[in-house]
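Working notes, structure below.
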Amino acid sequence: MAGEPQADCLFCKIVQGEVPATVVRETRTTVAFRDINPQAPTHVLVIPRVHYSDALSLASAEPAVAADVLREAGEVAAQEKVDATGYRIVFNTGPGAGQTVFHAHAHVLGGRDLQRLV
Ligand code: 5GP
Ligand code: ZN
C-alpha cells in the first residue's frame, strides 16, 4: 500500500529504529536526523515517517505530510540557529540530481556560506 514501510529502505529502517541515527527532532509524521556525511556545519535530513520515493510522490499522495516536512525543515534551521544567517532546503530528485536514497527527504544545510546556486 502507498506509504507503507519498505523492507529494503534505509530511511524506513531509521524511522523504525532498526538503523541508528542522531535524531534532532521528531513529530507524529516526521523524523529529523544528522546526515552521516555532512556537507555543512548543519546538515540535517527531514523525512516523513511514511515511505514515498521522492518529494513529488509524497506531495501528491499526502500533501499535509509534505507540508509537515517543509515546516520541520524550518524548525530544524531555527533549532540549529542557522535561520538568521540563512540556510538551504534541498530535495534531490532522481539519480541525475544526486538522489541516492529513494525515500523522500529534505536536506537542511547551513552554518557556512552556501553560495548562490540558481
Ligand atoms: P540524497 O543523495 O538521496 O539526496 O541524500 C541521501 C543522504 O543520506 C546523503 O546525504 C547521505 O550522506 C545520507 N546517508 C546515507 N546513508 C546514511 C545513514 O546510514 N545515516 C545517515 N544519517 N545518513 C545517511
Ligand atoms: Zn522508506
Side-chain angles (χ1 to χ4, degrees):
M1 218 174 83
E4 292 297 311
Q6 302 294 301
D8 59 350
C9 174
L10 173 64
F11 287 177
C12 283
K13 289 181 180 151
I14 287 178
V15 168
Q16 289 162 340
E18 292 168 9
V19 167
T22 306
V23 172
V24 297
R25 287 182 65 85
E26 279 190 278
T27 68
R28 185 178 59 80
T29 57
T30 65
V31 182
F33 54 93
R34 295 200 189 282
D35 196 292
I36 207 166
N37 181 26
Q39 302 301 307
T42 288
H43 188 172
V44 171
L45 302 174
V46 182
I47 68 173
R49 291 184 186 274
V50 287
H51 177 94
Y52 290 95
S53 58
D54 58 33
L56 173 59
S57 308
L58 171 66
S60 299
E62 303 204 32
V65 178
D68 291 345
V69 169
L70 205 49
R71 191 191 57 252
E72 278 299 301
E75 293 292 346
V76 164
Q79 184 172 305
E80 295 277 312
K81 299 186 166 46
V82 297
D83 51 336
T85 46
Y87 58 95
R88 182 168 293 144
I89 302 171
V90 174
F91 292 90
N92 294 327
T93 304
Q99 187 177 4
T100 58
V101 178
F102 290 85
H103 178 130
H105 54 278
H107 296 256
V108 182
L109 298 151
R112 67 167 167 81
D113 183 0
L114 293 165
Q115 313 287 339
R116 190 176 165 127
L117 285 182
V118 288

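All ligand and atom numbering here is 1-based and tracks the order in the structure.
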Minimum side-chain heavy-atom gap T29-R49 below 4.5 Å |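 No, their side chains stay 4.5 Å or more apart.
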Are any of the heavy atoms in [X] under 4.0 Å away from ligand 1?
X: V101; answer: yes
X: A21; answer: no
X: Q39; answer: no

Tell me which protein heavy atom sits closest to [atom], plus the residue, atom name and distance to 0.1 Å.
atom: atom 3 (O) of ligand 1; result: T100 N, 2.7 Å
atom: atom 10 (O) of ligand 1; result: D35 OD2, 2.5 Å
atom: atom 5 (O) of ligand 1; result: H105 NE2, 3.0 Å
atom: atom 24 (C) of ligand 1; result: I36 CG2, 3.4 Å

Does R34 have any salt bridge (charged side-chain N to carboxylate O under 4.0 Å, His left out) partners at least two apart in sequence or in another chain, and if so, which?
->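 For R34, the residues satisfying salt bridge (charged side-chain N to carboxylate O under 4.0 Å, His left out) (neighbours in sequence not counted) are E80.
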Mutual orientation of the aromatic rings belonging to H103 and H51 [parallel < 30°, tilted 30-60°, perpendicular > 60°] | perpendicular
Using a 4.0 Å heavy-atom cut-off, say whether [X] meets ligand 1 through its side chain, its backbone, both or neither.
X: L10; answer: side chain
X: N92; answer: side chain
X: R34; answer: backbone
X: L45; answer: side chain
X: F33; answer: side chain
X: F91; answer: neither

Per-atom contacts, ligand 1 versus F11 - under 4.0 Å to a heavy atom |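 With F11 as reference, the close atoms of ligand 1 come out as 8 (O).
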Going by the order shown, which atoms of ligand 1 are within less than 4.0 Å of some heavy atom of N37?
->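 Those atoms are 12 (O).
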Specify which N/O/S atom of H51 comes nearest to the Zn ion (ligand 2), by atom name.
->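 The atom in question is ND1.
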Consider every N or O of H43 and every N or O of ligand 1, then say whether any pair is closer than 3.5 Å.
->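 Looking only at distances, the answer is no, because the N/O contact criterion of under 3.5 Å is not met.
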Look at the side chain of Q99 and the backbone N and O of V101, then say whether any donor-acceptor pair between them is shorter than 3.5 Å.
->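 Yes, Q99 side chain to V101 backbone: donor-acceptor pair under 3.5 Å.
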Opening angle between SG in C12 and ND1 in H103, taken at the Zn ion (ligand 2), to 10 degrees |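 So the angle at the metal works out to 110°.
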